[in-house]
Amino acid sequence: MTYFLILTALTVSIDSFVCGFSLSFLSKKKFSIVIGIAITVFLMCLITNYATKLLSDYVNEQTASLGGLILIFIGLFNLIKNKNDGGHKAKDKGIINQILCVGFAVGLDGALANLSLSLMGINEFYVPLTIAVCHALMIFLGIVLSQTPIAKKFGKIEWFSPIILIMLGGYKLLGLFI
């Protein structure tokens, strides 16, 4: 069952890799990105863990794919903000709100997985912790990738980071239609 839990946690945290990569271009506070998203995911999973009976009828795969709308909104917001700022990135301004929103968007998958595991009878404290740690690991790996020389060149393009979030949001939103 441990392998199943770890594979599930890694599967639902793949999108955090892309978010970590994208957000790292917007902020110099890389550690804040990792911790902020991981804590948000952990709290969402913890709440889901203990509210399984109440949420089981309302949370489903379509709910998790709605996180795509949040990512699209954040990407569009960043595009508009860059345009209004004259193409200059306003780094670290409002990044905390973006971290929380992205954490919520990617955490919907983790909360749904946690709900499924809770319904299977695996509703211990270590389940949300495992999911949050896997999200943190993937975010960190995304940030590491963003620091490579070729990625830094793309990071200088003002619209690169928001477009990545919009594309990930579109991909997650496809879950509503498939």
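None of these values were measured; they are calculated from a predicted model.
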Let me confirm one number: the [atom1]-[atom2] distance from [X] to [Y], rounded to the nearest 0.5 Å.
| X | Y | atom1 | atom2 | value |
| --- | --- | --- | --- | --- |
| L79 | S161 | CG | OG | 9.0 Å |
| F125 | L46 | CZ | CG | 6.0 Å |
| K152 | S146 | NZ | OG | 8.0 Å |
| H135 | L137 | NE2 | CG | 11.0 Å |
| I39 | M44 | CD1 | CE | 14.0 Å |

For a 4.5 angstrom cut-off between non-hydrogen side-chain atoms, does [X] reach [Y]?
| X | Y | result |
| --- | --- | --- |
| L5 | Y126 | yes |
| F4 | L117 | yes |
| L100 | F104 | no |
| S22 | I163 | no |
| L165 | I72 | no |
| K172 | D109 | yes |
| I164 | F21 | yes |
| F77 | I74 | no |

Output yes when a side-chain donor or acceptor of [X] lies under 3.5 Å from a complementary backbone atom of [Y], and no otherwise.
| X | Y | answer |
| --- | --- | --- |
| K30 | I143 | no |
| T48 | N114 | no |
| T11 | L7 | yes |
| S116 | L112 | yes |

If you take all heavy atoms of [X] and [Y], which pair is closest and at what distance?
| X | Y | value |
| --- | --- | --- |
| V41 | G103 | CG2-O, 3.7 Å |
| V106 | C19 | CG1-SG, 3.6 Å |
| A136 | A38 | CB-CB, 3.8 Å |

Inset, instruction - Report the residue from I99, V34, I35 that forms a side-chain contact (heavy atoms from CB on, under 4.5 Å) with I139. - result: V34
Legend entry - I80 with L71, same ILVMFWY side-chain cluster at under 4.5 Å: no
Legend entry - Within one Ile-Leu-Val-Met-Phe-Trp-Tyr cluster: L10 and Y3, side-chain cutoff 4.5 Å: no
Legend entry - Neighbour count >12 (heavy atoms, 6.0 Å) for atom CZ, F17: yes
Inset, instruction - Over 60° means perpendicular and under 30° means parallel, so classify the ring planes of F160 and F25, tilted if in between. - result: perpendicular
Inset, instruction - Answer with yes or no whether the side chains of S118 and N49 bring together a donor and an acceptor at under 3.5 Å. - result: yes
